[in-house]
Amino acid sequence: MAFVTLATTDNYAKGAMVLGKSLRNHNTSKKLVALIGPHVSEPSRAVLRKVYDEVRLVDVLDSGDAAHLAMMKRPDLGVTFTKLHGWTLTEYSKCVFMDADTLVLSNIDELFEREELSAAPDPGWPDCFNSGVFVFRPSNETYGKLLTTCSENGSFDGGDQGILNSFFSDWATADISKHLPFIYNLSSIAIYTYLPAFKQYGRDAKVVHFLGKVKPWDYSYDATSKTLKGQSQDASDMHPNFLLQWWELFSSSVLSLMKEEYGDQPFH
Ligand code: UDP
Ligand code: MN
């Protein structure tokens, strides 16, 4: 059994490093697997190998498998095909996929008691699940079917979440045990859209998801004052500052690993 993430760029690789460290810090007993694309630089791969048990290059373009064919028909869905490669990890009986922009706040190994496909509701359209955190069973058969759906019908949102919701279309109604509590995929956006609920339940959050255009690595952080540039004081007084937590973990546990690999080269 393994936690699986994906990074196709050096920036998303930073997210994957922080995510991996957060899983380790909370003593997961599962393996950690990072799927990477060919554009991830060698030093970033080396750092990922220090944090993850396995770093697997997934190059859809020269894979020669059905994903390559599907990719030819739908070049717009490149990263999506890479994410679907998780289903080919058949040496694991069960996996939990986590976006590289998620951060773990406590041990979540109990997720492996759930079945495929378990996920939390999407904050924007709760009859759809959010594909930032989900439980799945690797299977070449499922992988093939997913690729067929992908190349024949495309994705209604242009990404993996659309495909996965079309494929696992009975998620909303069939089996309530496949609905993960929202605290396993707390989108930062929900804090603002329903603040009273966040005040009531937010302290139980187990996974934060920095969903949306601006990612934690897009900010700049001052390690001396432990503050972020461009963040208002009000926002940080209002709730536990997950962004700051991400940066604290990055600067305390990831930065030194990156310095070992990058030396004096700039890495951002
Ligand atoms: N991803 C990636 N490279 C990209 C875009 C996305 O590796 O250029 C991966 C990464 O794991 C990311 C996930 O796909 O977390 C989903 O994308 P993102 O988190 O940006 O979408 P959002 O959660 O904001 O909808
Ligand atoms: Mn995400």
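For ligands, and for the atoms within them, numbers begin at 1 and follow the listed sequence. All residue numbers refer to positions in the sequence shown, counting from 1. Both backbone and side-chain heavy atoms feed into the values below; hydrogens, waters and symmetry mates do not.
Remark: minimum distance from atom 13 (C) of ligand 1 to any protein heavy atom is reached at Asp99 OD1, 3.4 Å. For atom 19 (O) of ligand 1, the closest non-hydrogen atom on the protein side is Asp101 OD2, 2.9 Å. Regarding atom 20 (O) of ligand 1, its nearest protein heavy-atom neighbour is Tyr12 OH, 2.6 Å. For atom 11 (O) of ligand 1, the nearest protein heavy atom (residue, atom name, distance) is Leu6 O, 2.6 Å. Scanning all protein heavy atoms for the shortest distance to atom 15 (O) of ligand 1 gives Ala100 N, 3.1 Å.
Of the polar atoms of Phe210, none of the N or O atoms is found under 3.5 Å from an N or O of ligand 1, judged by distance alone. In terms of N/O distances under 3.5 Å, ligand 1 is approached by Gly212.
Only protein N, O or S atoms were considered, and those under 2.8 Å from the Mn ion (ligand 2) are Asp99 OD2, Asp101 OD1, Asp101 OD2, His209 NE2.
Within the structure, ligand 1 has Lys215 among the residues with a heavy atom less than 4.0 angstrom away. Residue contacts with ligand 1 include His209, since one of its heavy atoms falls under 4.0 Å from the ligand. Distances from ligand 1 to the non-hydrogen atoms of Gly132 include no value under 4.0 Å.
By the side chain to side chain contact (heavy atoms under 4.5 Å, CB included) test, Glu248 is found to be paired with Tyr221, Lys226, Leu244, residues two or more places apart in sequence or in another chain being considered.
For Glu116 and Lys178, the salt-bridge test fails: no basic side-chain N is under 4.0 Å from an acidic carboxylate O. With respect to Asp218 and Lys14, no salt bridge is recorded, no charged nitrogen being found less than 4.0 Å from a carboxylate O. One finds no salt bridge joining Glu152 and Lys73 here, because no Lys/Arg side-chain nitrogen approaches an Asp/Glu carboxylate oxygen to under 4.0 Å. We find that Arg24 and Asp53 are joined by a salt bridge, their nearest charged nitrogen and carboxylate oxygen being less than 4.0 Å apart. A salt bridge links Glu110 with Lys206: the closest approach of a Lys/Arg side-chain nitrogen to an acidic carboxylate oxygen falls below 4.0 angstrom.
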request  = List the steps, then state whether side chain to side chain donor-acceptor pair (under 3.5 Å) holds for Tyr12 with Thr5.
outcome  = CA-CA 10 Å; Tyr12 278 98; Thr5 191; over 6 Å; no

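At least one side-chain heavy atom of Phe210 sits less than 4.5 Å from a side-chain heavy atom of Phe242.
Of the heavy atoms in Val79, only side-chain atoms (C-beta onward) come closer than 4.0 Å to ligand 1. Residue contacts with ligand 1, taken as heavy atom pairs separated by less than 4.0 Å, involve Ala7 solely via the backbone atoms N, CA, C and O.
A ring-centre distance under 6.0 Å is not found for Phe129 and His179. In summary, the aromatic rings of Phe112 and Phe3 are positioned with their centroids under 6.0 Å apart.
Remark: ligand 1 atoms within the under-4.0 Å shell around heavy atoms of Thr8 are 2 (C), 3 (N), 4 (C), 7 (O), 8 (O). Ligand 1 places these atoms under 4.0 Å from at least one heavy atom of Leu211: 24 (O).
In summary, of the residues considered (Phe134, Tyr92, Phe167), a ring pair (Phe, Tyr, Trp, His ring centres under 6.0 Å) with Trp87 occurs for Phe134 alone.
Of the possible polar contacts, none joining the Glu54 side chain to the Val33 backbone as a donor-acceptor pair under 3.5 Å is found. Side chain of Trp247 to backbone of Pro216: a donor-acceptor contact under 3.5 angstrom is found.
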